[in-house]
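Notes follow the structure.
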Amino acid sequence: MDLMFLGCGAADYDWSNYGQEGILGSTVSLLNGHILLDCGPTAAASMERFGVSAENITAIVNTHNHSDHLNPEQVKLVAGNRRPDFYGSPQACELVKDFCTVHPLTFGDEFVIGNSSFLALPSNHMVEDIREETFNYLITSGGKTLLYALDTAWMLTKARKLIGKTHIDAIVWDATMSEPDDWRIFEHSDPVMFANIRRVLKKTGNIDDQVKIYFDHRALTLWPQDIESQEAIASRENVNLAHEGETVII
């Protein structure tokens, strides 16, 4: 399984300045060269910047329909005339049904794209429609399993039960905040929260010391501006910082 980080920023960036130094793109990743995880305002520009052709995209898997993770015009640009598969909440599917083949999801749904299997987990996050479901994903490919958990806070009991005894080889985790005690903790994560979750998952046998962990979805106003300080936080927490344009092998 390979994962390319195309954008690593949270919603407080001014994306009219995308491409300038220090401006991260909207959070989007490319799985196994043909699956987009989210498709926000800078998705097409990020793909062009890092040499990813829209022609290669067969599917888009959406975590939720906040505008920094789902931009219908960007989906349309990526889709072209090919109608890629789109997986997400019924409400998200409604927004892109004119240019994608849509697959509405609910918690616990499983689906397969190519050689990758997905399990839709509930994320601890909320969109404008309080009844709309938002997702994290447990992804298995090539004998490895990735927990892709962005825009989320403490792991919900439903998600924990769905994960069960699955061994997780890598985690991409929400890192909106770099330090604790921010009010956004109710639907986003900080390193202290993640450290607690990590200890528990190790005790339950879901992860071990070899697990690869990446902090993604970093807010401009809630992280230090210089990359050296950001790397120092990641090093302190014994995790990796997700870098735009980087491909990791899981």
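Side chains are part of it too, since the values below use all heavy atoms of this structure and drop only hydrogens, waters and symmetry mates. Along the sequence shown, residues carry numbers from 1.
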Between CD1 on residue I168 and OG1 on residue T145, distance to nearest 0.5 Å: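 Rounded to the nearest 0.5 Å, the CD1-OG1 separation comes to 7.5 Å.
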
Quick one: do [X] and [Y] make a salt bridge, cutoff under 4.0 Å?
{"X": "R218", "Y": "E231", "result": "no"}
{"X": "E244", "Y": "R49", "result": "yes"}
{"X": "K97", "Y": "E94", "result": "yes"}
{"X": "K202", "Y": "D209", "result": "yes"}

Side chains of [X] and [Y], donor plus acceptor under 3.5 Å:
{"X": "S26", "Y": "W15", "value": "no"}
{"X": "T247", "Y": "D2", "value": "no"}
{"X": "D226", "Y": "S229", "value": "yes"}
{"X": "S29", "Y": "Y148", "value": "yes"}

Audit row: I185, M193, side-chain contact (heavy atoms from CB on, under 4.5 Å) steps and yes/no: CA-CA 9 Å; I185 197 170; M193 180 190 294; 3.2 Å; yes

F111 and F118 aromatic ring geometry - parallel, tilted or perpendicular at 30°/60° bounds: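 Aromatic pair F118/F111 classed parallel.
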
Option from N62, N65, T27 for which side chain to side chain donor-acceptor pair (under 3.5 Å) with D38 holds: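 Filter result, single survivor: N62.
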
Ring-ring centroid check Y87 F135, cutoff 6.0 Å: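 Not under 6.0 Å, so no.
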
Test log, rule side-chain contact (heavy atoms from CB on, under 4.5 Å), inputs S89 and L105: CA-CA 5 Å; S89 69; L105 300 176; over 6 Å; no

Cluster check L150, F107: I/L/V/M/F/W/Y, side chain < 4.5 angstrom: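 Result: yes, single cluster for both.
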
CA sep, side-chain torsions, deciding dist, call: D85, T58, side chain to side chain donor-acceptor pair (under 3.5 Å): CA-CA 6 Å; D85 291 304; T58 64; over 6 Å; no

Qualifying salt bridge (Lys or Arg N to Asp or Glu O under 4.0 Å) pairs with a residue from residues 128-156, counting only residues at least two apart or across chains: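 Listed by first then second residue: D129-R131.
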
Heavy-atom side-chain proximity of Y18 to Y13 below 4.5 angstrom: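 Answer no - side chains too far apart.
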
Pairing residues for N206 by the side-chain hydrogen bond (donor to acceptor under 3.5 Å, both in side chains) criterion, not counting sequence neighbours: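 If we apply the side-chain hydrogen bond (donor to acceptor under 3.5 Å, both in side chains) test to N206, skipping adjacent residues, the hits are R160, T204.
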
Intermediate values then yes/no, side chain to side chain donor-acceptor pair (under 3.5 Å), T134 and H125: CA-CA 7 Å; T134 61; H125 197 64; over 6 Å; no

